[in-house]
Student: 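Mind looking over this structure? Questions follow.
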Amino acid sequence: IKSLFVQHFNSNVHTSRDKSFAANMTSEKCALVILATGAEEMETVITVDVLRRAKINVTLAGLEGVDPVVCSRGVRIVPDTSLDEAVEKGPYDVVVMPGGLGGAKKLAESDKVKRVLEDQEKANGFIAAVCAAPTALVSHGIAKGRRVTSHPSVSDAIRKNPDYSYSEARVCRDATTITSRGPGTCFEFALGIVEALVGADVAKQVAEPMVLP
């Protein structure tokens, strides 16, 4: 099952229905998704998949390099490149951080991630984080003064910080900061990023064939 999961993730094959509206979507937008050991695999794959359906150029970058990354439930995902190499190919319209407690901890402790986020904020680019990953925003002092949400299990770490306003919305967008709550909100999270980058019409086109509620 795991190998099929990774195989599907790396596939560039589109269904015929995908192709029916793909020709109407063009995008020069690009996204950097940072993958750390212990990341939540659903949050990683759903986000990357939805952004690619919207024809956003996604780079999945391994925080620790290019080796397969073991995620929170043991699924192994192969990054496209390392974070070091990805940064050299920037800038990006959005930097995305999947959650998972283990992955979020590594993101929050990484000086590389801090520099990437600081540069993205200075450039007024979008920063998106889901589940436990918004704690990395707090750790690195990013998006101060903005509303953010997170997985309920880490909400106290954000609520007690006076530099942030906590929201319980499933997806929270405040200016160039997009946050969300967990695996169950990831389709909404990813579509929120699509809407921010390429518009509501494209987000609607992407959502329709996925038969979302």
Side-chain angles (χ1 to χ4, degrees), residues 9 12 14-15 17-35 39-61 80 86 90-99 107 116-117 119-134 136-137 142-151 158 164-213:
F9 174 76
N12 290 319
H14 300 283
T15 66
R17 191 167 185 181
D18 287 336
K19 291 178 180 178
S20 69
F21 66 83
N24 296 322
M25 294 193 299
T26 58
S27 174
E28 295 179 355
K29 302 296 184 178
C30 55
L32 172 63
V33 180
I34 305 175
L35 179 61
E40 218 295 331
E41 39 271 84
M42 288 175 63
E43 295 166 4
T44 304
V45 173
I46 289 171
T47 303
V48 171
D49 181 282
V50 171
L51 296 184
R52 287 181 174 168
R53 286 171 186 254
K55 306 306 175 188
I56 294 168
N57 183 14
V58 180
T59 298
L60 182 62
D80 299 318
Y92 297 88
D93 296 288
V94 63
V95 173
V96 184
M97 297 187 294
L107 295 172
V116 169
L117 295 178
D119 288 346
Q120 187 73 358
E121 187 170 58
K122 288 176 184 175
N124 201 35
F126 282 96
I127 296 173
V130 61
C131 192
L137 302 179
I142 301 298
K144 288 182 177 181
R146 293 185 178 174
R147 296 188 321 277
V148 296
T149 191
S150 71
H151 193 274
I158 301 173
Y164 300 88
S165 175
Y166 194 80
S167 169
E168 294 189 355
R170 290 173 64 84
V171 178
C172 178
R173 177 178 170 186
D174 189 348
T176 55
T177 304
I178 303 170
T179 51
S180 189
R181 309 212 77 186
T185 66
C186 260
F187 282 104
E188 297 158 73
F189 172 65
L191 288 168
I193 299 171
V194 170
E195 182 173 346
L197 293 189
V198 293
D201 288 344
V202 174
K204 183 178 179 180
Q205 285 181 304
V206 170
E208 183 180 354
M210 292 193 293
V211 199
L212 296 174

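Everything quoted here is computed from the prediction, not taken from an experiment. Atoms considered below: every heavy atom in the structure, side chains included; atoms not considered: hydrogens, waters and symmetry mates.
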Student: Looking at every heavy atom in both A169 and S167, which two are closest together, and how far apart are they?
Tutor: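 Closest approach of A169 to S167: N-OG, 3.0 Å.
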Student: If we check side-chain contact (heavy atoms from CB on, under 4.5 Å) with V202, which of these qualifies: I56, V194, L191?
Tutor: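 Per the side-chain contact (heavy atoms from CB on, under 4.5 Å) rule, the option paired with V202 is V194, out of I56, V194, L191.
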Student: For the side chain of T179 and the backbone of T149, is there at least one donor-acceptor N/O pair under 3.5 Å apart?
Tutor: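 Side chain of T179 to backbone of T149: a pair is present.
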Student: Checking E43 side chain against G99 main chain: does a donor-acceptor pair fall under 3.5 Å?
Tutor: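 A pair under 3.5 Å: yes.
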Student: What are the two closest heavy atoms between T176 and R146, and how far apart are they?
Tutor: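 Result for this residue pair: OG1-NH1, 2.8 Å.
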Student: In a check of side-chain contact (heavy atoms from CB on, under 4.5 Å) between V58 and each of D49, L51, T47, which one passes?
Tutor: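 Option passing the side-chain contact (heavy atoms from CB on, under 4.5 Å) with V58: L51.
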Student: Where the side chain of S180 meets the backbone of R170, is there a donor-acceptor pair that is under 3.5 Å apart?
Tutor: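 Yes, S180 side chain to R170 backbone: donor-acceptor pair under 3.5 Å.
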Student: Determine yes or no for a side-chain-to-main-chain donor-acceptor pair under 3.5 angstrom, with Y92 supplying the side chain and A86 the backbone.
Tutor: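 Flag set: sc Y92 to bb A86 pair under 3.5 Å.
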Student: Give, for atom OG1 of T177 and atom CZ of R147, the distance between the pair rounded to the nearest 0.5 Å.
Tutor: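 Answer rounded to 0.5 Å: 10.0 Å.
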Student: Kindly indicate whether the side chain of V50, heavy atoms from C-beta on, has any atom under 4.5 Å from the side chain of M210.
Tutor: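 With C-beta onward as the side chain, the pair touches.
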Student: At what distance, to the nearest 0.5 angstrom, does CD1 of I158 lie from OH of Y164?
Tutor: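 Answer for the CD1-OH pair, I158 versus Y164, is 8.5 Å.
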Student: List the steps and the verdict of side-chain contact (heavy atoms from CB on, under 4.5 Å) for V130 and C186.
Tutor: CA-CA 8 Å; V130 61; C186 260; 4.0 Å; yes
Student: Taking the side chain as everything from C-beta on, heavy atoms only, tell me whether I178 gets closer than 4.5 Å to V171.
Tutor: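 They are in side-chain contact.
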Student: Verify, without hydrogens or angle tests, whether R181 (side chain) and S150 (backbone) share a donor-acceptor contact under 3.5 angstrom.
Tutor: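 Confirmed, R181 side chain pairs with S150 backbone.
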Student: Nearest 0.5 Å, what's the CE-CZ distance between M42 and F187?
Tutor: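 Answer for the CE-CZ pair, M42 versus F187, is 7.5 Å.
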Student: Just so I know, are the side chains of M97 and L137 near enough to count as touching, which here means a heavy-atom distance under 4.5 Å?
Tutor: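 M97 reaches L137 side chain to side chain.
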Student: I need the minimum non-hydrogen distance between L107 and A133, along with the two atoms involved.
Tutor: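 So the minimum-distance heavy-atom pair works out to CD1-CB, 4.4 Å.
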Student: Check the pair L60, T44 against side-chain contact (heavy atoms from CB on, under 4.5 Å), reporting the backbone distance first and the verdict last.
Tutor: CA-CA 9 Å; L60 182 62; T44 304; 4.0 Å; yes
Student: Quick one: does D93's side chain have a donor or acceptor within less than 3.5 Å of a partner on A31's backbone?
Tutor: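 Pair absent, no side-chain N/O of D93 close to backbone of A31.
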